[in-house]
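Please read the structure below before turning to the comments.
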Amino acid sequence: MMQQHPSRTLVSPLLSSVFCQCDTGPSAGCNPVMDPGGGELDCEPCGGLICGGPDQDRRLQILFQVLDVNKDGGICVNDLAVGLKRLGLHRTENELLKIVKAGDKDLDGQLDFEEFVHYLRDHEKKLRLVFKSLDKKNDGRIDAQEIMQSLRDLGVHISEQQAEKILKSMDKNGTMTIDWNEWRDYHLLHPADNIPEIILYWKHSTIFDVGENLTVPDEFTAEEKQTGMWWRHLVAGGGAGAVSRTCTAPLDRLKVLMQVHASRSNNMCIIGGFTQMVREGGLRSLWRGNGINVLKIGPESAIKFMAYEQIKRLICNEHETLCIQERFIAGSLAGAIAQSSIYPMEVLKTRLTLRKTGQYVGMVDCAKQILRKEGVAALYKGYIPNVLGIIPYAGIDLAVYETLKNSWLQRYATDSADPGVFVLLACGTISSTCGQLASYPLALVRTRMQAQASVEGSQPVTMKGLFKHILRTEGAFGLYRGLTPNFMKVIPAVSISYVVYENLKMTLGVQSR
């Protein structure tokens, strides 16, 4: 839900008096019914969606004048921002743009009085439908149990304490229930007009790329799919991942070198590893393998997204939102399909990362040499530990994320059920780190199998045989070689990815979620 401002009550009397003026009030006796003739919501006993008459016109005129800051007869985005701020309501620029776009029939970039009134009436109609769908008892009020049930139907499971916090953010009279007036006042000047949009912030967005590409794909609303906004999200996420990976590529290459070459007899440290890379191939060698690492973001993201959508449709036909267990299953399967499709690129990335100066001319030459010397099977070395690694990574990532987020909400959320972007960033970073920690031994074995032919004197080994060899010769610690540079890149990767993603979203015209 949107965050409530301390001066929220400044606007409530005005908004409450703008609409139904029946003596009984909407929550008591003004119940919406379906008009048999026109199929449109009506209001009893007043007989209209919004009661007519000079009083209502005057109140609408007052609200319009308050929001028309520059007094030019039209409300633009800037007018809305300033006007709503004066009333104690704060909206993002993208939310304000969505409001203006929804009501701007003549496409002049602002709302005149007629457009403004039409938007409010139309938006209130949608909010009334949402309110009625939440009001399971049909008593004109929404309580904590009804919120829990409605969100559960959409695959979002919350505790009673969390439901009460959602109630408190809208409840003005302290009854711990929400009547129609409170619901309408809270959401009227916000573009969200359906339950999935209103609870969208609960979803775990996985645009923060740390170079592993094992996370569950992002989910999109029906509106985003219809308008094509989803591909802009994917492009923005792909661009953010490309910049993030390029900036942290030296740490990624050091991690791969330590996974493959470090041992008890060759205890490679971070400074020594960087020195060795620069001495062997100069500063440019720090970015070896980054080209194909960036190149595979696009196809993998697209395949993962399409597979995830199809699997999600098979798992739950009636609900748009998946519960955590269903997301884990769908995400793991989608990740496995995507990884299977682009796995040869993973092998090429490892070989190019480990190559010596002059060994390969480029990606194509590397692929040709592997096929000529080792055959097609070499392009799928390490495939089994790679696919197995998706399961603990996705499962722990999701479980830790949900646990941290819900713990924060229960302990610190008092005025709003929205954790905020920085809390979500922190939860995402920690959960991703825990997921990597759990799957790291499988990732190390995968990398060593991929690099097998590039290690002098190495003999073909199986996943089980390699695990035994590492444990026998290096101990359990050997399964975590390269973990330090891997963790060192998480925070800068997430930070860079977030900043680039937000800027690319604005450039591409992606609306804020």
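This structure is a prediction, so every number in the text was calculated from the model and none was measured.
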Under 3.5 Å side-chain donor-acceptor pair for [X] and [Y]:
X: Gln339; Y: Glu300; value: yes
X: Gln110; Y: Asp104; value: no
X: Ser332; Y: Tyr393; value: no
X: Asn290; Y: Thr246; value: yes

Give the minimum heavy-atom separation between [X] and [Y], together with the two atoms involved.
X: Ile297; Y: Ala242; value: CD1-N, 3.5 Å
X: Leu96; Y: Leu80; value: CD2-CB, 3.9 Å
X: Asp72; Y: Asn70; value: OD1-OD1, 2.8 Å
X: Ser439; Y: Pro392; value: CB-CG, 4.2 Å
X: Leu251; Y: Pro485; value: O-CB, 3.8 Å
X: Val100; Y: Gly109; value: CG1-O, 3.7 Å

Heavy-atom check, side chain of [X] versus side chain of [Y], under 4.5 Å:
X: Leu67; Y: Asp79; result: no
X: Met488; Y: Ile270; result: yes
X: Asp106; Y: Asp112; result: yes
X: Val243; Y: Val294; result: no
X: Gln436; Y: Val490; result: yes

For side-chain contact (heavy atoms from CB on, under 4.5 Å), just list the numbers for Thr175 and Arg141, CA-CA rounded to whole Å, side-chain angles, deciding distance to a tenth of an Å, and then say yes or no.
-> CA-CA 10 Å; Thr175 61; Arg141 295 182 178 275; 4.3 Å; yes
Counting distance only, does the side-chain N/O of Gln310 pair as donor-acceptor with the main-chain N or O of Ala334 below 3.5 Å?
->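 Looks like no, no N/O pair under 3.5 Å.
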Does any N or O in the side chain of Ser244 come within less than 3.5 Å of the main-chain N or O of Ala240, such that one atom is a donor and the other an acceptor?
->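 No: the side chain of Ser244 does not pair with the backbone of Ala240.
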Steps toward side-chain contact (heavy atoms from CB on, under 4.5 Å) verdict (Ile303, Ile337) | CA-CA 8 Å; Ile303 295 168; Ile337 291 168; 4.2 Å; yes
List the steps and the verdict of side-chain contact (heavy atoms from CB on, under 4.5 Å) for Thr433 and Leu437.
-> CA-CA 6 Å; Thr433 301; Leu437 188 62; 5.6 Å; no
Hey, could you give me the [atom1]/[atom2] distance between [X] and [Y], rounded to the nearest 0.5 Å?
X: Ser341; Y: Met306; atom1: OG; atom2: CE; result: 9.0 Å
X: Phe113; Y: Gln61; atom1: CZ; atom2: CD; result: 4.5 Å
X: Ile496; Y: Cys247; atom1: CD1; atom2: SG; result: 4.0 Å
X: Met176; Y: Ile142; atom1: CE; atom2: CD1; result: 13.0 Å
X: Leu314; Y: Ile329; atom1: CG; atom2: CD1; result: 12.5 Å
X: Leu107; Y: Lys101; atom1: CG; atom2: NZ; result: 10.0 Å

Salt-bridge test for Asp252 and Lys349: reply yes if a basic N is under 4.0 Å from a carboxylate O, no otherwise.
-> yes
Please test Leu63 against Phe116 for side-chain contact (heavy atoms from CB on, under 4.5 Å), starting from the C-alpha separation and ending with a verdict.
-> CA-CA 10 Å; Leu63 181 58; Phe116 177 70; 3.9 Å; yes
